[in-house]
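Worksheet: the structure to be examined is printed underneath.
Below, read A as the first sequence line, B as the second, and so on, with proteins coming before strands; counting in each chain starts at 1. From a predicted model like this one, the values you see are computed outputs, not experimental measurements.
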Amino acid sequence: MPERFRSYDADPVTVARRLLGQRLVRVIDGRRLGGTIVEVEAYLGSEDKAAHTFRGRRTASNASMYLQGGHAYIYFTYGMHHCLNVVTGKAGDGTAVLLRAIEPLEGVKWMFARRTAATRDTQLCSGPAKLTQALALSRSEDGLDLARSPQLFIERLRRRPLPAKRVVSTPRIGVGYAGSWARRRLRFYIEGNPHVSPGR
DNA sequence: CCCGTGATTTAT
DNA sequence: TAAATCACGGGG
């Protein structure tokens with residue numbers, strides 16, 4: 001049985017790279033759903049124009065992004081979508097890693113049941129809101145502690161980050177409004193993995 | 001290409 | 001009070 005991943009107390013780029021290749025697990029209705037994290041984005045806090053915590057902004061919606069590293073920050077957007085972030089660093093930092101895609105491995109059949117639009121496994125979790133739909137994550141799970149929660153956690157499958165050669169970095173998706181921050185290469189994915197999001 | 005859908009922010 | 005915005009997904 002793998003140990004839990006616990007290395008959240010670092011800057012979001014470091015944690016983003018560490019998370020690739022680890023396993024996200026969601027337990028619901030007594031079943032395990034999950035898979036390997038294959039695509040992530042780092043959000044750098046108050047200086048990062050694309051971050052929900054830009055200029056120290058604090059609202060009821062983004063409160064959990066200021067929790068200690070290892071908590072879940074789940075936000076609601078576009079009137080219908082949820083996205084899952086893993087908070088990084090220390091309480092108050094406001095930094096996080098957006099989980100954009102996983103390669104589904106456990107409970108695939110139950111993911112298809114929730115992802116009615118998906119016809120192939122590559123459509124199941126290949127985008128941040130697809131992933132939350134497949135895993136039944138919403139604002140109800142916002143703020144969960146991934147180090148302790150029985151419902152949501154990350155298992156450590158590798159002790160070392162993936163070699164940089166196997167990781168592609170690009171600008172983040174959908175943040176064109178963020179000026180120079182839009183051009184920074186803060187998105188990371190496993191090269192050649194078919195479960196990475198198509199992007200925009 | 002366009003649209004849904006709604007919380008939140010920004011403009012008037 | 002109104003309009004625009006938004007870390008998206010699905011359909012044409």
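The interatomic distance linking A/His52 (NE2) with B/dA7 (P) rounds to 16 Å, in whole Å. When rounded to the nearest whole Å, the span between CZ of A/Arg172 and P of C/dC6 equals 14 Å. Rounded to whole Å, the distance from CZ on A/Phe76 to P on B/dT5 is 11 Å. Protein atom CZ of A/Arg120 is 14 Å distant from nucleotide atom P of C/dG10, rounded to whole Å. Atom-to-atom, CZ of A/Arg57 to P of C/dC6 comes out at 11 Å; the value is rounded to the nearest Å. Taking atom NZ on A/Lys49 and atom C1' on C/dT5, their separation rounds to 13 Å, with Å as the unit. Rounded to whole Å, the distance from CD on A/Gln123 to C1' on C/dG10 is 10 Å. Atom-to-atom, OH of A/Tyr177 to P of C/dA4 comes out at 19 Å; the value is rounded to the nearest Å.
Nearest to the side chain of A/Lys130, among C/dG9, C/dA7, B/dT8, sits C/dG9. The side chain of A/His81 sits closest to C/dG9 out of B/dT5, C/dA7, C/dG9. For A/Tyr43, the listed nucleotide lying nearest its side chain is C/dA7; candidates were B/dT9, C/dA7, C/dG10. Picking from C/dC8, B/dA7, C/dG10 the nucleotide with the shortest atom distance to the side chain of A/Ile173 gives C/dC8. For A/Thr77, the side-chain atoms get nearest to C/dC6 when compared with the rest of C/dC6, B/dG4, C/dG9.
A/Arg187 comes within contact range of no nucleotide atom at all, as no heavy-atom separation falls under 4.0 Å. Within the nucleic acid shown, A/Ala129 comes within 4.0 Å of sugar-phosphate atoms alone, with no base atom in reach, counting heavy atoms only. A/Arg139 comes within 4.0 angstrom of nothing in the nucleic acid, heavy atoms only.
Proximity of a side-chain donor or acceptor of A/Arg139 to a complementary backbone N or O of A/Ile74 within less than 3.5 Å is detected.
A/Phe5 places none of its side-chain heavy atoms less than 4.5 Å from the side chain of A/Arg23. Residues A/Thr122 and A/His195 have side chains in contact (heavy-atom distance under 4.5 Å, counting atoms from C-beta outward).
The ring of A/Tyr78 does not lie on top of the base of C/dG9; it is either too far (5.5 Å or more) or too tilted (30° or more).
Ring planes of A/His81 and A/Tyr78: perpendicular class, angle over 60° (limits at 30 and 60°). Using cut-offs of 30° and 60° on the angle between ring planes, the pair A/Tyr75 and A/His52 is perpendicular.
Side chains of A/Gln133 and A/Arg115: a donor-acceptor N/O pair is present below 3.5 angstrom, by distance only.
A gap of 22 Å separates the C1' atoms of C/dA7 and B/dC1, to the nearest Å.
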Each base of DNA chain B marked ( ) or [ ] if paired in-strand (Watson-Crick or G-U under 3.5 Å), | if paired to another strand and . if unpaired gives ||||.||||||.
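Taking 4.0 Å as the cut-off between side-chain N and carboxylate O, A/Arg32 and A/Glu106 count as a salt-bridged pair.
Not a single ring pair (Phe, Tyr, Trp, His ring centres under 6.0 Å) links A/Phe188 to another residue, sequence neighbours left out.
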